[in-house]
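First up is the structure itself, then whatever we jot down about it.
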There are 2 protein chains.
Amino acid sequence: MWSIFSTSGQDDGEATVTGAARWTQILRHTVDVVADRGYAGASLNRIADHVGISKGLISYHFAGKDELLEALVRDVFTRGAEFVMRRWGAHVPPDVPASEALRVYLEGNLGFIAANPRDVGAVVEIVRNHRDAEGRLVFGTAWDEELHKELARIFIAGQEAGEFRRFDPRVMAIAVRRVIDGFTFQITAHPDMDADAFTAEVVTLFDHATRATPMETTTDA
Amino acid sequence: MWSIFSTSGQDDGEATVTGAARWTQILRHTVDVVADRGYAGASLNRIADHVGISKGLISYHFAGKDELLEALVRDVFTRGAEFVMRRWGAHVPPDVPASEALRVYLEGNLGFIAANPRDVGAVVEIVRNHRDAEGRLVFGTAWDEELHKELARIFIAGQEAGEFRRFDPRVMAIAVRRVIDGFTFQITAHPDMDADAFTAEVVTLFDHATRATPMETTTDA
DNA sequence: CTAAAAATTGACCACATGGTCAAAACCGTA
DNA sequence: TACGGTTTTGACCATGTGGTCAATTTTTAG
């Protein structure tokens, strides 16, 4: 699970302590700039100004803007994966019912977002906008594909166990991911919202959406 | 309903036939460029090249890039509203059950997207990215707010009628809108997908998500 | 204390951006 | 044909972009 990037933790190629600190500092400020000026507004100049350093220094620590953004995405993603896995390990014994797995998945993801809204916001912005020279999304497609496959596995397991009704796992996966990402926007736009209440609503929503109705609990079609 | 823009139909300020034709032509090509190069990749130069005219001519027909993008959004939005309203009028007699209203809402929206994926894709791209000089989203917030309110009305009606279970109408509205917009991305990434099947799945999903379970059909808490 | 290494600056580059404008081409019509 | 309005171009502008690099400061180690 969670395997788009094979990286483990800090992939920060900086040798010295100073270097690593700057590296982190630049990433943190990049998050801020992207989060409140958007992908298009996050120029190297603006980021440098925001950090309080010269633009050249960014180039000293990162090969180019692409690498900076990639590092940002990788960093937040890795932390998110750790966060979710920690919860998973704590709450999910082997062979849990799929509905439990789904609940933990949702709570984990929404929990991480609630705790790091700006970071996740920046990542979403980048994933949704960063393109190569030919105009193809750099992360976009593969990213979604991976996350959807992951969820689909949970759904299929639940359907085979008769726990979930029959539905297209792909469509349900899209719905779940879309709602999760939507939460990022919501919490950004309304920072004072009740994240736990939102989470509870979403969990219930998808519980109803997936669970087999008593009469449908039969075997195959 | 559907009232962010008070405009009715073509707001095209062009007096002559030629002018109106160019106006439309530029908008159509802008859709194409935004749809496959993204918001950031849609420069006036690229749009002009794509149309086969000089950049200056765009400025002749539109006061600026902002106005061009606004016109684009308004145009597609208006057509979408008409599309949905037509279906509504055809299929929805007064005092329909809320579940029917929701179904028609979903089918209308997804139907329009399936019929005009690139146009809607471009609009989503613009709405999600276009910012003013201070970095605030120009459409983003108000846009969502309006659409959510609309859906919330349906949900509240359904809950008052005992047809829907008790849930936060706001959260459900967010979920519905997120899934609808997600469909735009899906159909863009996989143009050969089965839109009707997807629609059916989504309708079922939200039917389960909203409908009151037999035992819950009671009155208030 | 000194010399090498690391970190940092600021000037610079080629290029793209949105926007302007005078000149030219096009057009209907008197 | 000549006029007047509309349409269209292409050169131009100020600004911003990502990126480079020699020169400089700061840190580290011998």
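Lettering of chains follows the sequences in order, A, B, ..., and the numbering in each one begins at 1.
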Query raised in the report: Starting at CD1 of I47(A) and ending at P of dG16(D), how long is that distance when rounded to a whole Å?
Result: 16 Å

Query raised in the report: Once you round it to whole Å, what is the distance between C1' of dG19(D) and NZ of K65(A)?
Result: 12 Å

Report summary line: Residue pair L57(A)/N45(A) against DNA chain D: nearer the 5' end by closest nucleotide is N45(A)

Query raised in the report: Phosphate oxygens OP1/OP2 of dT8(D): is one of them under 4.0 Å from a side-chain N or O of R22(B)?
Result: yes

**Report entry** Atom-pair distance (CG on D49(A); C1' on dT17(D)), nearest Å
**Finding:** 13 Å

Report summary line: When rounded to whole Å, the CG to P distance for the pair D66(A) and dT17(D) reads 16 Å

Report summary line: Taken to the nearest whole Å, CZ/R37(A) to C1'/dT17(D) is 15 Å

Requested in this report: Determine, for F155(B) and K149(B), whether the Lys NZ or Arg CZ falls below 6.0 Å from the six-membered ring centre while staying within 45 degrees of the axis.
Outcome: no

**Report entry** Phosphate contact (dT17(D) OP1 or OP2) by S43(A) side-chain N/O below 4.0 Å
**Finding:** yes

Query raised in the report: Is the shortest side-chain N/O distance from Y60(A) to OP1 or OP2 of dA7(C) below 4.0 Å?
Result: yes

Query raised in the report: For I58(B) and dT7(D), what is the distance between atoms CD1 and P respectively, to the nearest whole Å?
Result: 16 Å

Query - Integer-rounded Å distance: dT8(D) C1' and I26(B) CD1 - result: 11 Å

Query - Inter- and intrachain pairs under ring-ring contact (aromatic ring centres under 6.0 Å, His included), touching residues 180-206 of chain B, at least two apart - result: F183(B)-F198(B)

Report task. In whole angstrom, give the distance that lies between atom CH2 of W23(B) and atom P of dT7(D). Result -> 15 Å

**Report entry** Under 3.5 Å: donor-acceptor pair, side chain of R177(B), backbone of L147(B)
**Finding:** no

Requested in this report: Could you check R46(A) against I53(B) and say which one's nearest nucleotide on DNA chain D is further toward the 5' end?
Outcome: I53(B)

Requested in this report: Would you kindly say whether Q25(B) and R22(B) are connected by a side-chain donor-acceptor distance under 3.5 Å?
Outcome: yes

Requested in this report: Give one of base, sugar-phosphate or nothing for L44(B), where a contact means two heavy atoms less than 4.0 Å apart.
Outcome: sugar-phosphate

Query raised in the report: For H61(A) and dA6(C), is the shortest distance between a side-chain N/O and OP1 or OP2 below 4.0 Å?
Result: no

Requested in this report: Return the nearest nucleotide to the side chain of S54(A); candidates are dT9(D), dT8(C), dT17(D).
Outcome: dT8(C)

Query raised in the report: Which listed nucleotide (dC12(D), dT17(D), dT20(D)) is nearest to the side chain of K55(B)?
Result: dC12(D)

Query - Validation row, ring centre F77(B) to ring centre W143(B) under 6.0 Å - result: yes

